[in-house]
Every structure is written in C-alpha cells, then in structure tokens.
Amino acid sequence: MNIKDTNIIGHYINGEFLEPSSEMQTVYNPALGIGKKKVLLADENTVEQAIRCAHVAFPIWRDTPVAKRTKVMFKFKQLLEENMEYLCELIGQEHGKISHDAMGEIQRGIENIEYACSAPELLKGEFSKNVGTNIDSWSEFQPLGIVAGITPFNFPAMVPLWMFPMAIVCGNCFILKPSEKTPSAALFLAELLTQAGLPKGVFNVVNGNKIAVDYLLQHNLIQAISFVGSTSIASYIYETATKFGKRCQALGGAKNHAVVLPDADLDNVANSLLGAAFGSSGERCMALSVVIAVGDHIADTLVKKLKIEIEKLKVGIHSNTHNDFGPLISKEHKEKVEYYITKAEEEGAEIVVDGRDTKPLGYENGFFVGATLMDKISPNMESYQHEIFGPVLQIIRVESIQQAMQIINNHTYGNGTCLYTKDGEAARYFSTHIQVGMVGINVPLPVPVAYHSFGGWKKSLFGDLYAYGPDSVRFYTHRKTITQRWVSKNFIEEKQFSMPT
Ligand code: NAD
C-alpha cells in the first residue's frame, strides 16, 4: 500500500504504513467543503509502538557515521524534488493552498534539508590543544535519542521539514505528529525517506489528536519536543514537556504589523502587502495582518491603492494556478474569521473591502472568505487583539514612528514585523528597538533563510532555542566536553587540593 492509493490515512511506523482500527476523523477538501478521506487517530498503544521502534533503531543510527546519515538526506532531497508536483497536489487537496504557493512551501522546506546536509561540518565540535600541560579539551555534540515534532495544518510539508532533517542527521530518531487536518504530506515524506535509504524506525509518523500528543509529552523515552501551532496549545506543550523533564521549543501564534513611513514608495508597498496579507488566505504565522500608516494621507492613499488591487484578486481551487489564494481550512475557521470582521464593524471599523459571502463559481460549499480590508482600526478592538489567521488586513492610523512602535511593542505577540521606508536611520532605530523576533526592512515576510534560525518573541515562542538553522543543531544535540591528559611513563602525579588552574 502507498499513500497514492488510499482514502484511509494511517500511520507510518518502522518503515511501513499501518492502519490499526481506531477512531477516525474526516479530512476535508476545503475548496469543496466535503471530505472523502479519513485520518486514523492514534491511541496510546500505537504511539507506544512508534516509540518502541524508534528505541530499537536509535543505537545503530546514533553510531552510523555522520557522512552516511547525511547521504540519506541528499537522496531524500533529490526524491522530494522529483515528486514536488505530487506533494503540491496532496497539500492542495487537504489545505487548499494554490499549487504555486505549495511549491514555495516545499522549496523552503528543501532549503532546510540542504542545511542539514552540512551536518558533518556542523557537528565537527570544538577542540583546544594544551589547555593545561599535556591536556587537550574538546566539545562534541551527541544526539539526544528519540525526539518528537508536533506540527500545524498550515505548512504540512515545510514545518515538519524545519524539524526532522536536522534531528535525523544529528543522529536522533524522530516521531512526527502532524496536524489531523492535513495529514497526508507527512506520510508521503516518510515514504520518500524510506526510499532514500533511511533505516526502519528512525522516522515515524503517528496521526492523531490530543491523546497522541499527551502520550508523547509524558513518555520517558522522548527527550525533546518541537511544537509549532497556536499560542494556547504552545504554552500547554511547553509547560507539560518541561514538567516531564524534556527539552522543548514551542512556537505559537502571531500578529504581524507593517509600519509605512511617509517616505515609502506606496505603489511598491501596496503590491508587496497584497501577497503578505492574503497569500495562503492569510493562514501563515508570518502573514502581515496589520498596517500602521504614519500620517492620514499615507493611510488614505494606501487604502485607495489596496482597494483597487484587492478587487482584482482571484479566489478558488488549488489546481487553478490563476487563483491567488484558496479557502480557509475549515467551516469553523471560516466562521471565526467572519466573526472578527463583523465584530470590527460593530466596534466602528470601516470595512473597505468585504470578503464575507465569497462563493467562487462551482465551489459554493467551500470554506472561502475573500480578501478583506478594514480601515480605522484601534488597538482596543477584538479583531486587533487576537490572531485572525485569515485574509483580513487592518489599517491603524498614527502620527509618528514612535507611536507605531509602541503599539507593536504592546502587543502580546512578537513574531514578525516590517518597516517600509527610504530612511536608513529610521530603519536602524526600528530594527534595534522593536520587540519582535523577525524584522523586515522593506521586506514584508522576513522569514529567515535555512542557515539562520526562526522564532518570535513574547507569546510567539516558548523555549530558549529557535527553530531550524544553527539553533536546531544545539536543540537536537547534547554538548559533551571531554578533557584528556596523556603523559609520559615516568610522570608523577602530585596531590593537589586547590582548584586546578
Ligand atoms: P493548533 O495549535 O490547533 O494545532 C497544532 C498541533 O497541535 C496539531 O498537530 C494539533 O493536533 C495539536 N493540538 C491541537 N490541540 C491540541 C491539544 N489540546 N493538546 C495537544 N495537542 C493539540 O494549530 P493549527 O490551527 O494547526 O495551526 C495554526 C496556528 O499555528 C496559528 O496560530 C499559527 O500562527 C501557528 N503557527 C505558528 C508558526 C510559527 O512558526 N510561530 C508557524 C505555523 C503556524
């Protein structure tokens, strides 16, 4: 059996697809509003089975030379590149994102595999000769054991790829619990890893919900948890994982602001805001969902330009690459996004373009919300305070950059932000003082490349180390520092009670 020919989405354990009888949940095609596929929800026995297989695989994988571990990743990257279109289709059917957007997601994931392929260099360690007479000292980076990743619906391939390539080349075994809303991509990645030569049990996928997650969080063989998802779950994951003695990084939600200064090139700003706000239906943790315009005339001009462009956007099915973005993930999520629009309207916002009631021809039952633009937002409105995670762009009007920065710094989230300006001094001031983890200057989606690390501040990240890049090498390894002395035969050790210096 293979992922290509099934409507029952099971698990991938010990190099094989498994479908033990268990509870199931419908996996929707959100553009159609119906679901033909069902995902199995792992019970504790199934998660235990995955952990046991990983436990058996670990000692051999740990002792496999890093160059051999990396070789599997090189092959995996090649297979992934050969199968990108099929993976786009899987993502499109379950998530709804348009194929060109899914391609971009996979490409960003592949960059993480490429970085993981430099593991022999990254794991070389640190060496100091003669730290004392005849004494050498070095630090090496050893794998943790079995580690787990729990991932969100919105990047079914990329977010898992932030995690497992690095964890695996570092010598760990990995258990992935993908989102139950978009589970197929992870199984396909698992199949490709096996084809690439990864030994059985090193990478396992268990589909499921809170039951599977809680079992992983509490299991004594799981050494570390990487989580990406909403802030309420991230804080729960961090608290529970650390209580059970695990290393944890838990990335949460966001509210990303763009500040537009009066000297910015407004045509370019408007164009770049469209993709950053509405791409992937705004279901990106780095989506720009708030624009703070400095000066009323900037806001007026921007609103006018955005309105014209937004009304041209095309919404629909993933396979039509003329569409700009697709549906939201579920009926409940569509209702939530529409609730925030209605609430903002009631609280005094001006709805410049209204995406409620969007029904693309032939897809009337899909979970669509069209691009929405709301002006005259104030920070006390509900739509501003919460993450909407939909195609909704809100405009706040202020008089100065300081006022804009204060609004951003006061927000609960601190994932990404962007300043549009031609003024280098303002840009430097902004990037130095803003309380946000990822900052763009004239770059609306400042998602770090794979050889930097990704993470926000405040309630956007719980834990000390960021996702992927150099931080992930530290996250997935233990440092061990060895101090060693070799002396000649006639050496006589002296007694020494003071601290060695
Ligand atoms: P979610 O928090 O609902 O789910 C994430 C994962 O947690 C899923 O695998 C899910 O099965 C599991 N989960 C859900 N409820 C749980 C519970 N009660 N106990 C244990 N596990 C549980 O998030 P989502 O809706 O899939 O994804 C959207 C969210 O993810 C948004 O808030 C978005 O900002 C965030 N996100 C953040 C980043 C980032 O890098 N900071 C990246 C992508 C998405």
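In each ligand, atom 1 is the first atom listed, and ligand 1 is the first ligand listed.
Every atom of ligand 1 is numbered from 1 in the order shown, and the set under 4.0 Å from a heavy atom of V213 is 20 (C), 21 (N). When each atom of ligand 1 is checked for a heavy atom of S230 under 4.0 Å away, the hits are 1 (P), 2 (O), 23 (O), 29 (C), 30 (O), 32 (O). Of all the atoms in ligand 1, the ones that sit under 4.0 Å from a non-hydrogen atom of S179 are 9 (O). Distances below 4.0 Å separate heavy atoms of P178 from the following atoms of ligand 1: 9 (O). Here is the list of ligand 1 atoms found below 4.0 Å of a heavy atom in E180: 10 (C), 11 (O). Taking every heavy atom of I150 and a limit of under 4.0 angstrom, the matching atoms of ligand 1 come to 6 (C), 7 (O), 9 (O). Close approach of ligand 1 to C285 is summarised as follows: ligand atoms under 4.0 Å from at least one heavy atom of the residue are 34 (O), 36 (N), 37 (C), 38 (C), 39 (C), 40 (O), 41 (N), 42 (C), 43 (C), 44 (C). For ligand 1 and K177, the ligand atoms under 4.0 Å from any heavy atom of the residue are 8 (C), 9 (O), 10 (C), 11 (O).
For an aromatic pair to be called close, the ring centres must be under 6.0 Å apart, and H386 with Y339 fails this. Side-chain rings of Y468 and Y115 stay apart, their centers remaining 6.0 Å or farther from each other.
A distance of 11.5 Å separates CZ of F155 from CD1 of I106, quoted to the nearest 0.5 Å.
Listed for the H100 side chain is a donor-acceptor partner under 3.5 Å among the backbone atoms of N323.
By the 4.0 Å N-to-carboxylate-O rule, R284 lies close enough to D101 to be salt-bridged with it. In this structure, K243 does not pair ionically with E239, as no charged nitrogen and carboxylate oxygen lie closer than 4.0 Å. Using a 4.0 Å cut-off between charged side-chain N and carboxylate O, E283 and K97 make no salt bridge. Ion pairing between a basic and an acidic side chain is recognised when a charged N comes within 4.0 Å of a carboxylate O; E105 and R108 show no such pairing.
Here atom 35 (C) of ligand 1 lies nearest to G229 when heavy atoms of S232, G229, G455, P152 are compared. Remark: among candidates G252, G253, A287, S460, the nearest residue to atom 41 (N) of ligand 1 is G252, based on non-hydrogen atoms. The residue from F454, F155, F389 that puts a heavy atom closest to atom 33 (C) of ligand 1 is F389. For atom 5 (C) of ligand 1, the nearest non-hydrogen atom from the set T182, N207, I233, V228 belongs to V228.
Listed by first then second residue, pairs satisfying ring pair (Phe, Tyr, Trp, His ring centres under 6.0 Å) with a partner in residues 224-253 number zero, not counting sequence neighbours.
Residue contacts with ligand 1 for R284 are absent, since no atom lies close enough (heavy atoms, distance under 4.0 Å). Using a 4.0 Å cut-off between heavy atoms, E283 makes no contact with ligand 1 at all. Counting heavy atoms under 4.0 Å from ligand 1, residue N154 touches it through the side chain alone.
Checked against salt bridge (charged side-chain N to carboxylate O under 4.0 Å, His left out), K334 has the following partners two or more places apart in sequence or in another chain: E338.
At the top of the distance list for atom 19 (N) of ligand 1, counting protein heavy atoms only, stands K210 CG, 3.4 Å. Given atom 8 (C) of ligand 1, the protein heavy atom at minimum distance is T151 O, 3.3 Å. Nearest protein heavy-atom contact of atom 7 (O) of ligand 1 is F227 CE1, 3.3 Å. For atom 31 (C) of ligand 1, the nearest protein heavy atom (residue, atom name, distance) is E387 OE1, 3.5 Å. For atom 24 (P) of ligand 1, the closest heavy atom belonging to the protein is F153 CD2, 3.6 Å.
Partner of V228 under the side-chain contact (heavy atoms from CB on, under 4.5 Å) criterion, chosen from I150, V159, N154: V159.
Of the polar atoms of W162, none of the N or O atoms is found under 3.5 Å from an N or O of ligand 1, judged by distance alone. Every N/O-N/O distance between Y236 and ligand 1 stays at or above 3.5 Å. Considering backbone and side-chain N/O of T231, none are found under 3.5 Å from N/O of ligand 1. Checking only distances, V159 never comes within under 3.5 Å of ligand 1, N or O to N or O.
For the pair M374 and I395, the minimum side-chain heavy-atom distance is 4.5 Å or more.
In plain terms, the two heavy atoms of A270 and L306 that are nearest each other are O-CD2, 3.8 Å. Listed here is the closest heavy atom pair of V337 and P391: CG1-CD, 4.5 Å.
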